[in-house]
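Naming convention: chains lettered A, B, ... in sequence-line order (proteins, then strands); numbering from 1 in each chain. Atom set for the values below is all heavy atoms of this structure, side chains included, hydrogens, waters and symmetry mates excluded.
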Amino acid sequence: MTFLDDIREIEKKWQKKWQEDQVFVNKIDSPYPKWFITVPYPYASGPLHIGHCRTYNIGDIFARYKRQSGYNVFWPMAFHITGTPVQAVAFQIKSKDKEVWETYIDYVSIYEKDPVIAKEIVASFKDQKNVANFFANAIIQDFLGMGFSLDDTRQFTTGDKEYNKFIEWQYKILNEKNLITKGSYPILWCINDKNAVGEDDIQDGDLLKVEVSEFVGIKFKLSNGTFLVAATLRPETIYGATNVWIHPDADYNEIEIDGENWIVSREAAEKLREQEHNISIIREIKGKEVVNEEVTVPITEEKIPIYPATFVDTDHATGVVYSVPAHAPYDYAALIDLQNDDATIEEYNLNQERLSRIKPISLISVKGYGDFPAVELCKMLDVKSQEDKQKLEKATQTIYKDEFYSGIMKEITGKFKGLEVEQAKDAVTSKLKEDNLATAVFETSKKALCRCGAQIIVAVLQDQYFLNYGDEKWKETAFKALNKMTITPDKYRQTFESTFNWLDKRPCVRKRGLGTEFPMTKGEGWIIESLSDSVIYMAFYTIIRSIKENNIQPNQLKPELFDYIFLNKGKMKEVSDQTSLSVEIIKEMKESFEYYYPNDLRHTAVAHISNHLSFAIFHHVAIFPEKYWLPAFSLNEMLIREGQKMGKSKRNVIPIAQIPEKYSVDLTRLHLASIATADTVVDWRETEVNFALQRLRKFWEYANRSVDTVKTENLTPAFPSRIFLSSVKTNLKKALKAIEDSNIRDYVLEGFYSNIRAIDEYHKIAEHLQREERETILREVIEQIIVIMAPVIPHISEELHERMNNQGYVSLKQFPEIKITEQDKSNSLQAKFISNLLEDIEEIVKLVKTTPKKIHIYINADWKNELYRVAQEIFENEAVKIGKIMSAAKESKILSKYMKEIADEAKQMLRDPSIFRIEMLSAENQKKAIEGYREFISRSFVDAEVLVHIASDKEIYDPKNKAQKARPMRPALLLD
RNA sequence: GCGGGGAUUGCCGAGUGGUCAAAGGCGCUGGACUUAGGAUCCAGUUCUUAGUGAUUCGGGAGUUCGAAUCUCCCUCCCCGCACCA
């Protein structure tokens, strides 16, 4: 049996015991104050992996730490199944998507070894309920298999009817508080499915990053009153319009839209239909039919011609653009092309004289450019024609950026003169819209296709419901809550703040996915978006057990009941009548909520800050009274493996279910906890896991050696033992301080690794001590480590705790109080002193390259301590100068005798100002420390004789005059 | 673009004004041991030196008795920007 086999068995043994004894099932009646921690429930559409494990592991360490620090810890778990993923899996299994099938066979095979059964299970996933059930069950087993100290009696899923009632209630409250608004909203839309699409629905959606762009459609009036609508992102350039471009050979429609007649491309007409417009097509025309006609430019009232241009894309916005050759490189290039293109001029019978008269009109002045930036850039980049797309694209980008950020509107723009382009853009748009000369036209930022193959366009949904996170009062209150919260690590507070700042109206209902039906539009197929399922559900944990135990029906979970439990509104008797629930049950639920809430700590991954964690704060302040607001969040970064992000496509995922077999649970927990701080992306590397394994094994061996030790009473520990005890105490104290500050890494480093090193060290320095003493000391230390490290390596700790004949679960055992005394501090200082001394000796030995027979150690005379002390005193208030030291020394009774030496010494001191901060031992104590370790020092250097001298002693052996070089904490050395 | 985070010695990663040439791990080199294991232990891993010295923490400038740590500028990298959980 190897070590790992051993501890794997031990892990199973203790998990079973914890389950049987319901060690972590929480009860209200406890002598300890409650502490309620949540880690967001996982999404049950697939197995979790070691990356998720990092987050839950930290949650568990917090929970176990608090449990061993005098709290009645409550850590429940549930499952998220709403939204689109679970539904999508079911759909793809049903439609026999090969890739998804294979993936899910893989997933299920993690848990079900029999391939026939695994296949049956996957087949059953055509029903979405089975997906959710299978993985919810698998994940809770994963968690318990990791030794997480969960209360697993509170499970539910967000698809449960009872839960839906709770979410309905949430929306009822939000609506009462006027936080839900209604309006129109542009979204990405599949023209085939007639449905909203998200990144997952778009072909290569993860790479394309398609967005909604808002263009301004500007109405240029034709002589017959019909509008030719040209779309632009730069409406402020309307003052520089010289002509309109239209694709001569493409199909355009004359349409009746909202009571007007427009000409736009055929594609545009289709798109506009989805953007809140009533459209009927009057006739179809070719672009060339309007070429050469004149239109009136809005605002300027100029008459400009319509010219043909093949660069115009009819499938982009309205398929018509207006030309601003001064500021738009494409337009300039197209203009020049046309002016030189006699064939086209002839073909469309253009007025050559008029065409040649067209010159760029400058309307923006921008630093670093002349009047016509587009002309300049085209020349600079040597643009040959409008087909020079790459160069033109680059020129366009450059000008757009430069003009947007540093452009100023010129005289020609009338009342907009002097405005920055950034502002003029909005001002001109408003003006145009006011005069009904412009309208918003939405287009996708990139051309994209739905997975179904159809084109994706932008549609405008009417009567869309929003959560109005932009509501001033709401935001203000959320900020107030945030300011009172503890965020760990605190650097993420800024991320919250910036999220809060940009949060605005957010659509809160969907047509796709699983979830709670939106109560205000029953029957219309609107589902509450699934993030609302993750924001106040922590409160639901406090009552779910009562609901299940009492078999309460969903229809009994009326808003009045929730109002009473959560908001203390209404009367118990009335609620009892309304719900047909006994007052006892209602009372029990209310007491449970009031006992557990608020949720003292919510721990999760950094990635969730900008969505559900922020929303959790918003929803809490909107719904609950202040005393139930969230007090604290803690965050951790993600985990990668061997330098690579984990992903199913990379096939480098370690599922949680495989951790116990692959590594062992405690090993994984230990390594995850110590590998990096929470705010660092952790890299899981096999070669480094090995280190944790070796240390764990070493600890296991050390501890098992102590199992049978009978402690010797009334022991007076020798010097090395005292030093050892102090150093372990100091380490443990640091560990406790670290975990108190939520710093799990330091907790493990100090509490575990540093102590193992201390034990190693002790084995060396205590070799000559009596066996009883060594064993007693070691046993004492190991027992302490077991208790304090139990949150990280609970299984091994339980086993050792038991083997050492201790009663009860170590998981429930309270941490000892560790007090660091002055003596401990002095011991640590001595240990440090000795280790520096050893290093110095070693260094010299190495340089000398011979083995010394005698080691003379010269400790400084005490007056040097006094000199340092005086210098340190001066240093506290001002910069230290030689003169200052000298004059202070002159005044000191002790020092005035040594003025000559002090002059040299002071020069030395100034070279290294750090010595003004060192802690010192008196000459006598330095000597004592060395003597306490004499044997060890001697042994370390092939039994050389160790001789200690104090510089001030008379008649010391000092042939090389070393003694005077000794400084406090830094003895001089002579090796013979 | 806006907002945020970051750059540490071969690698990962600690470290926010002073025992910092910089923890710990990995890797590499040498040695010990030898039930020969991809185990364990020890030493080394910027240069220099019978020690207490020099140059280092993306680049440059500054503040300070003292800077990896503070300030400013520059370069580069990462993340978020919503209907996606």
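- Note on Q494(A): a side-chain N or O is less than 4.0 Å away from OP1 or OP2 of rG5(B).
- Nearest nucleotide to the side chain of S498(A), out of rG3(B), rG51(B), rG13(B): rG3(B).
- Using the Watson-Crick or G-U wobble rule with both distances under 3.5 Å, rU75(B) pairs with rA7(B).
- When rounded to the nearest whole Å, the span between CG of L639(A) and P of rG13(B) equals 11 Å.
- Under 4.0 angstrom from either OP1 or OP2 of rC12(B) there lies no side-chain N or O belonging to R641(A).
- Between rA14(B) and T677(A), a contact under 4.0 Å exists linking OP1 or OP2 to a side-chain N or O.
- Side-chain N/O atoms of K698(A) include one lying less than 4.0 angstrom from OP1 or OP2 on rC41(B).
- Using N1 to N3 plus N6-O4 or O6-N4 for Watson-Crick, or N1-O2 and O6-N3 for G-U wobble, each under 3.5 Å, rA14(B) pairs with nothing.
- Residue side chain N611(A) reaches the base of rA85(B) through a donor-acceptor N/O pair under 3.5 Å, judged by distance alone.
- A salt bridge is absent between D683(A) and R641(A): the closest approach of a Lys/Arg side-chain nitrogen to an acidic carboxylate oxygen does not fall below 4.0 angstrom.
- Using N1 to N3 plus N6-O4 or O6-N4 for Watson-Crick, or N1-O2 and O6-N3 for G-U wobble, each under 3.5 Å, rU35(B) pairs with nothing.
- Looking at K737(A) and D741(A), a side-chain N of the basic residue comes within less than 4.0 Å of a carboxylate O on the acidic one, giving a salt bridge.
- With the nearest nucleotide of RNA chain B identified for both H80(A) and L973(A), L973(A) has the one nearer the 5' end.
- By the ring-ring contact (aromatic ring centres under 6.0 Å, His included) test, Y747(A) is found to be paired with no residue, residues two or more places apart in sequence or in another chain being considered.
- Between H763(A) atom NE2 and rC42(B) atom P the separation is 12 Å, expressed in whole Å.
- Counting only heavy atoms from C-beta on, R970(A) has its side chain closest to rG51(B) among rG51(B), rA23(B), rA85(B).
- For R697(A) against rA39(B), a side-chain-to-base donor-acceptor contact under 3.5 Å is absent.
- For the ring-ring contact (aromatic ring centres under 6.0 Å, His included) test with Y41(A), the passing option among Y537(A), Y56(A), Y163(A) is Y537(A); the others fail.
- Between L693(A) atom CG and rG38(B) atom P there is a gap of 13 Å when expressed in whole angstrom units.
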What N/O pairs connect the protein and nucleotides 19-21 of chain B at under 3.5 Å? Give each pair on its own line.
unit_1  : atom_1 : unit_2  : atom_2 : d
rU19(B) : O4     : E919(A) : O      : 3.3

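- Distance from the side chain of K491(A) is smallest to rG5(B) among rG5(B), rA82(B), rA85(B).
- Here the side chain of R967(A) is nearest to one of rA85(B), rU52(B), rG51(B), namely rU52(B).
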Interface polar pairs with nucleotides 25-30 of chain B, N/O, under 3.5 angstrom:
unit_1  : atom_1 : unit_2  : atom_2 : d
rG25(B) : N2     : E688(A) : OE2    : 3.3
rC26(B) : O2'    : T687(A) : OG1    : 3.3

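- The separation between E842(A) atom CD and rA43(B) atom P is 7 Å, rounded to whole Å.
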